[in-house]
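The shown structure was predicted, so the numbers you read here are calculated from the model rather than taken from an experiment. We name chains A, B, ... by the order of the sequence lines, and we start the count at 1 in each one.
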Amino acid sequence: MRLSQLVGQRIKEAPRDAQSASHVFLIRGGYCRPVSTGIYSLLPLGQRICAKVEAIIREEMNRIDGQEILMPVVLPAELWEESGRYQSVGPELLRFKDRNDKAMLLAMTHEEAVCQLARTEINSYKQLPSMLYQIQTKYRDEARPRAGLIRVREFTMKDGYSFHASQECLEAYYARCHEAYERIFQRVGMSECISIEADSGMIGGAVSHEFMAIADCGEDTIFVSPDGSYKANRECAVSHLVYDTSAPLPLEKVATPGTKSIEDVAAFLGVEPSQTGKAVFYTDSEGKLVFVCIRGDIEVNEAKLKKLLKSPQLVFASDAEIEAAGAVPGYASLLDIDCAKIRVVVDRSFAESANLVVGANEADFHTRNFNFARDLSEAARAQIQVADIATVREGDPCPVTGEPLRMLKGIEVGNIFQLGTKYSAAMSCTYLDQDGKAKPFIMGCYGIGVGRTMAAVIEQNHDEYGPVWPMAVAPYHVHICALNIKQDNVREVSEKLYADLQAAGIEVLFDDRGEKAGFMFNDADLIGVPLRVIISPKTLEEGKVEFKRRDSRDKEMIDVDRVFSYLTEAVAEAL
RNA sequence: CGGGGUGUAGCGCAGUCUGGUUAGCGCGAGUGGUUUGGGACCACUAGGUCGGGGGUUCGAAUCCCUCCACCCCGACCA
């Protein structure tokens, strides 16, 4: 490709709102352009990279016996009514009507569509296991798209669905897919991509992993133990905190005027926040009050709490709601609450710590030396749910090794999930087993965001000047910069090298624009092609051209008649 | 949905507070010329519903009302 003809200009200034490296360079380098909030067009450079990412995904999916299909983006609402998701999914599902007033939707994922396909196409246990996948557009009406291609509304995703006759078969295939994902992310040049335990959401119980590209701009928070034996999303991470188990001391009511927050109480009484307990009130999806107790220094993990309560929504309760339940906001206590009337959830940190300072359920008073097991009746405790609803903090002890956990930020580039029969059972998606009975498929599903992967590769492979593409996904293999192309020898050598490399199947970008050197070099940095050849009158005088790798500052002089073989070898080596 | 912010040329911005000829600047684009190893220079040219609508005024990018779009933080995220 001649750069003079390439559509998609490099831009000197970054977009005003761009924060992350990938956002800045994708726009500045001419890889993509915004069309609307969270909706982008891919320019030739971006499209070439995505096509290479997709090709790698295809190879690896085919290698684990995946069969590529293509399902529609527009689906009839009735299909989603079968699974119940037409009602249960929120406004991120874009619903609309066609000209006949029929309810339609833009697919955000394809479990329903694939079940509809599978129930007519896969009939017998003899056909199992089976995996269907597609690389296709998805639409999610995200509340807040951000960071360029990292969080968007319309995006290309590889989604795969596997069908099994047994849980064992699903688990075995899931493991194969996990390995395929590891190969994919390694092959696209992700330097740090780890799979972590993920929150399985409202489905509950099922196994799920997220593949996280480690990057500071990532939206997810991950906890890992130093030896890598434990890796989990903050949404579901657990830690092995050590609780104070000293002997219970007598209860003591103390005046604590004007101390509503944990910091105030702890400071006033001269204790650590970890020696206090706090009360947090939520209102669940049905509008019912939930009273939550947790050690003062620990935050409630709302993802865990939602899962426990089976409530997709939780909001902090108002003071009026708290008072209506007979509690005093800021000084609430379990001691005076009728646990039969209100739902109470207690974190283990609260239930197992000795001698906590808790509210006295009277304004400006607290109670010292609260001990859950001692101070609540057996009847009261029977009404209370004790569970892990704590948010893990950096440095908390790893649940496996006890070492302090490290906290990292990650971009979720892929996830895999043991679905079970959630969709197949709801949608009569069955096969005939050996005994002649119809049984729902046991399913797995497996996703990868293509554009997000491209962005994540930049986050992990860039310098201050632009992306440093790994050869496997680079838009071109070789970038020829012809300095002073008006000069005959420069033009002849460049054109010949360009033609020869192309004939050899090398993907070449040829900067034939005759611009100033600095201008061309800056563009080349933004395009990030791994191998660069600079052809100029200066070096041609000695019969040489200059060779430079994008990931290095070193320059090498190569004889003109050797440069072709040198480049073809370098490309072959890097691929 | 809550909080904050921004809308002026393709992109980045000034001008708005304090209303007053023809609305500017940089980048980018086109033409001609000089340049040619890390975003050169000169000359000329094209490009604007100042987010939309309504109002105040002799006069509105500027003041008032209203709607919209976009961005940031949070909530949400199969």
Could you list the protein-to-nucleotides 47-51 of chain B atom pairs, N/O on both sides, closer than 3.5 Å?
none

Give every pair of a protein N or O atom and an N or O atom of nucleotides 24-26 of chain B that lie under 3.5 Å apart, one pair per line with the distance.
residue: B/rG26; atom: N2; partner: A/Glu13; partner atom: OE1; Å: 3.1

Return the polar atom pairs (N/O with N/O) between nucleotides 34-39 of chain B and the protein under 3.5 Å, or none.
residue: B/rU36; atom: O2; partner: A/Glu515; partner atom: O; Å: 3.4
residue: B/rG37; atom: O6; partner: A/Ser536; partner atom: OG; Å: 2.3
residue: B/rG37; atom: N1; partner: A/Glu546; partner atom: OE1; Å: 2.6
residue: B/rG37; atom: N2; partner: A/Glu546; partner atom: OE1; Å: 2.5
residue: B/rG37; atom: N2; partner: A/Glu546; partner atom: OE2; Å: 2.8
residue: B/rG38; atom: O4'; partner: A/Gly518; partner atom: N; Å: 3.4
residue: B/rG38; atom: N1; partner: A/Asp525; partner atom: OD2; Å: 3.2
residue: B/rG38; atom: N2; partner: A/Asn522; partner atom: OD1; Å: 3.2
residue: B/rG38; atom: N2; partner: A/Asp525; partner atom: OD2; Å: 2.3
residue: B/rG39; atom: O4'; partner: A/Asn522; partner atom: ND2; Å: 3.0
residue: B/rG39; atom: O2'; partner: A/Lys12; partner atom: NZ; Å: 2.9
residue: B/rG39; atom: O6; partner: A/Arg28; partner atom: NH2; Å: 3.2
residue: B/rG39; atom: N1; partner: A/Asp523; partner atom: OD1; Å: 3.0
residue: B/rG39; atom: N2; partner: A/Asp523; partner atom: OD1; Å: 3.1

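Between A/Phe316 atom CZ and B/rA75 atom C1' there is a gap of 11 Å when expressed in whole angstrom units.
A/Lys158 pairs by the salt bridge (Lys or Arg N to Asp or Glu O under 4.0 Å) definition with nothing, not counting sequence neighbours. For A/Asp463, the side-chain hydrogen bond (donor to acceptor under 3.5 Å, both in side chains) criterion is met by A/Arg550, not counting sequence neighbours. Taking the side chain to side chain contact (heavy atoms under 4.5 Å, CB included) definition, one finds that A/Ala517 meets it with A/Leu483, A/Phe521, sequence neighbours left out. A/Glu515 pairs by the side chain to side chain contact (heavy atoms under 4.5 Å, CB included) definition with A/Arg513, A/Phe519, A/Met520, not counting sequence neighbours. Residues passing the salt bridge (Lys or Arg N to Asp or Glu O under 4.0 Å) test with A/Asp559 are A/Lys544, sequence neighbours excluded. Taking A/Phe96 as the reference, A/Val74, A/Met104, A/Leu106 meet the side chain to side chain contact (heavy atoms under 4.5 Å, CB included) condition, with sequence neighbours excluded.
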How would nucleotides 68-73 of chain B be written as a contact map, 5' to 3', with B for base contact, S for sugar-phosphate-only contact and - for no contact, using protein heavy atoms under 4.0 Å?
--SSSB
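Note on A/Gln9: every side-chain N or O is 4.0 Å or more away from OP1 and OP2 of B/rC27.
For the ring pair (Phe, Tyr, Trp, His ring centres under 6.0 Å) condition, no pair includes a residue of residues 523-542 of chain A, sequence neighbours left out. For residues 69-80 of chain A, the set of pairs meeting the salt bridge (charged side-chain N to carboxylate O under 4.0 Å, His left out) definition, not counting sequence neighbours, comprises A/Glu78-A/Lys102.
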